[in-house]
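As structure tokens, the structure follows; a few thoughts come after it.
We count ligands from 1, going down the list as the structure has it; atoms in each ligand are counted the same way. Along the sequence shown, residues are numbered consecutively beginning with 1. Bear in mind the structure is a predicted one, so any value in this text is a computation, not a measurement.
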Amino acid sequence: MSESTLTGLQGSLSGETYDADTLMGTDPVDGRPLLARYDLQAAGRTLTPESLAGRRSGGMWRWAELLPVRDPRHRVHLGEGATPLLPAPRLGAALGAPGLRLKAEGLNPTGSFKARGMAAAVSRAAELGAPSLLAPSAGNAAGALAAYGAAAGLTVTVLMPVDVPAANREEALVCGARVILVDGLISDCGAVGARLAAATGAFDVSTLKEPYRAEGKKTMGLELAEQLGWRLPDVVVYPTGGGTGMVGMWKAFAELEALGLIGADRPRMVSVQTTGCAPIVRAFQAGERFAEPWTGAATRAAGIRVPAAVGDFLVLDAIRESGGTAVAVSESAMDGGQRLAGRFGAGYVSPETGAVVAAVGELAASGDITPGDLVVAFDTGIGHKYPPPPGLPEPPVVAPDVDVAELVSPHPGLF
Ligand SMILES: *Cc1c(COP(=O)(O)O)cnc(C)c1O
């Protein structure tokens, strides 16, 4: 079986290199993210289109050469990865983007792509002997960390804002995590978590504050290339919070090119945020390399309610190098996108996905997406864990002996 070709860690801003086989958080030089580096020549000897085609199971671990876990026994696998890239003809036509495809990340365990990142980070932390794990979360990360921590046999603490949706809290509790509710914002949860980690020795797996969640999410970019026959789409539209997926996919494309599996062409990378919390969009439009923290962040889409991201410059670099863009959609456009996705056959998607759907419509209207473009929109999670989009019709309640003539009215679902 294939093995990790991990060689070291590198500071994403400083360029400093570090030993990969000690547990590390951020770059000690500047507090910025550390990125995993691999022996790509060695990886290329066993990671080929043919060998991959023979790896039918394993989900994201099919890409073992480009993942950090050395001993296969430490790979925690709950079924994450290998999600379909679905054509969405009805939704695409409604949005003016007939070449639309959806990367169906809601099919991951725990209902979002947080599973990929946590599968990699938890497995590697267990391999390197972390005694216990913690992370702040306003939503899906908590459930994923709790589930993967339980599978690895590590104790987990999650710090959540008091007003986090009940579903997220309950999921973490059922998976045996210790849940601490912080009377404050997600940034306050992060600060309490950092102090708790220092006091207890728990390893902090906050977004991009350890190197391996991005490696798990990188597999989305690897899968895109494989699923499209070793080429990349014209456009990738991604709801951006901490930016792990943008950073991971951009890295995946570079590694695939170094392996000779794809050429130099890149998709136009589009970051989507909402007008209630859009630090990346604001920095992109202002031509800044780093994003100022957003004050008063507010959006129903908890996964992209991230006022300050430690990997901001990596996201902004990827957008610019790719010729992409960053868009902020309004909260009501996001709500509408979520309902539209459901009505046009994408199922009950997360508000983050709703924001992506709205953004695809806006980019098609402005000509940034053309009808010939192959557009991959990231459907990053299921809708069930969130408060519903406002504006749903109230279903009628009828007696069992109702005269059905009363019900022969226009279909109330088609608002
Ligand atoms: C966390 C999350 C995001 C943002 O992902 P990043 O890669 O951290 O930017 C988007 N959608 C959902 C559903 C999420 O849970």
Side-chain angles (χ1 to χ4, degrees), residues 33 80 83 102-118 120-121 135-145 147 158 160 164-165 167-168 171-172 186 190 205-210 212-221 236-252 269-274 277-281 291 297 299-312 314-316 318-319 326 329 334 337-338 341 346-359 377-387:
E80 69 291 335
T83 58
L102 296 175
K103 186 71 170 146
E105 291 296 302
L107 294 174
N108 279 299
T110 72
S112 87
F113 63 4
K114 290 290 188 297
R116 293 184 191 254
M118 289 302 182
S137 170
N140 289 319
L145 175 58
V158 291
M160 310 174 103
V164 73
N168 298 112
E171 181 181 25
I186 183 67
V205 292
S206 296
T207 302
L208 287 173
K209 293 190 178 166
E210 60 74 51
Y212 300 122
R213 278 174 67 182
E215 294 302 294
K217 278 204 179 168
K218 177 179 85 177
T219 58
M220 297 188 295
V236 166
V237 190
Y238 187 89
T240 306
T244 332
M246 289 284 283
V247 172
M249 284 193 282
W250 195 245
K251 187 168 180 288
M269 303 295 284
V270 180
S271 266
V272 180
Q273 300 191 306
T274 72
C277 181
I280 296 290
V281 179
T299 168
R300 192 166 56 87
I304 54 176
R305 198 195 301 138
V306 180
V310 58
D312 52 1
L314 295 171
V315 176
L316 288 158
I319 295 170
V329 301
M334 176 185 84
Q338 196 183 12
Y348 188 5
V349 300
S350 63
E352 291 83 350
T353 305
V356 162
V357 167
F378 270 84
D379 171 10
T380 52
I382 53 171
H384 308 65
K385 295 195 225 172
Y386 301 75

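Remark: K103 NZ is packed, more than 12 non-hydrogen atoms of other residues, nucleotides or ligands lying under 6.0 Å away.
A135 is linked by a side chain to side chain contact (heavy atoms under 4.5 Å, CB included) to L145, V205, counting only residues two or more places apart in sequence or in another chain. By the ring pair (Phe, Tyr, Trp, His ring centres under 6.0 Å) test, F378 pairs with Y238, sequence neighbours left out.
Contact analysis puts P239 in contact with ligand 1, with a non-hydrogen atom separation below 4.0 angstrom. The closest approach between Y238 and ligand 1 falls below 4.0 Å for a heavy atom of the residue.
Backbone and side-chain nitrogen or oxygen atoms of G241 are examined, and one is located within less than 3.5 angstrom of a nitrogen or oxygen of ligand 1. Note: an N/O pair closer than 3.5 Å links K217 and ligand 1 by distance alone.
What sits closest to atom 4 (C) of ligand 1 on the protein, heavy atoms only, is G303 O, 3.4 Å. Ranking protein heavy atoms by distance to atom 8 (O) of ligand 1, first place goes to T244 OG1, 3.2 Å.
With 3.5 Å as the limit, one finds a donor-acceptor pair spanning the side chains of T219 and R116. Under 3.5 Å, the side chains of E171 and N168 contain no donor-acceptor pair of N or O atoms.
Residue G243 has at least one heavy-atom neighbour below 4.0 Å for each of these atoms of ligand 1: 6 (P), 7 (O), 8 (O), 9 (O). Those atoms of ligand 1 with a heavy atom of T240 less than 4.0 angstrom away are 9 (O). Interface atoms of ligand 1 facing G245, defined by a heavy-atom separation under 4.0 Å, are 7 (O).
Of the heavy atoms in K114, only side-chain atoms (C-beta onward) come closer than 4.0 Å to ligand 1. Residue contacts with ligand 1, taken as heavy atom pairs separated by less than 4.0 Å, involve Y386 solely via side-chain atoms from C-beta onward. At a heavy-atom distance under 4.0 Å, only side-chain atoms of N140, from C-beta outward, approach ligand 1.
Looking at N168, V315, T380, it is T380 that brings a heavy atom closest to atom 12 (C) of ligand 1.
The shortest non-hydrogen separation linking V356 to A377 is CG1-CB, 3.6 Å.
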Evaluation steps, side-chain hydrogen bond (donor to acceptor under 3.5 Å, both in side chains), between R305 and Q273: CA-CA 8 Å; R305 198 195 301 138; Q273 300 191 306; over 6 Å; no
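Looking at R213, its side chain never comes within 3.5 Å of a backbone N or O of M118 through a donor-acceptor pair. Between the K385 side chain and the T110 main chain, a donor and an acceptor come within less than 3.5 Å of each other.
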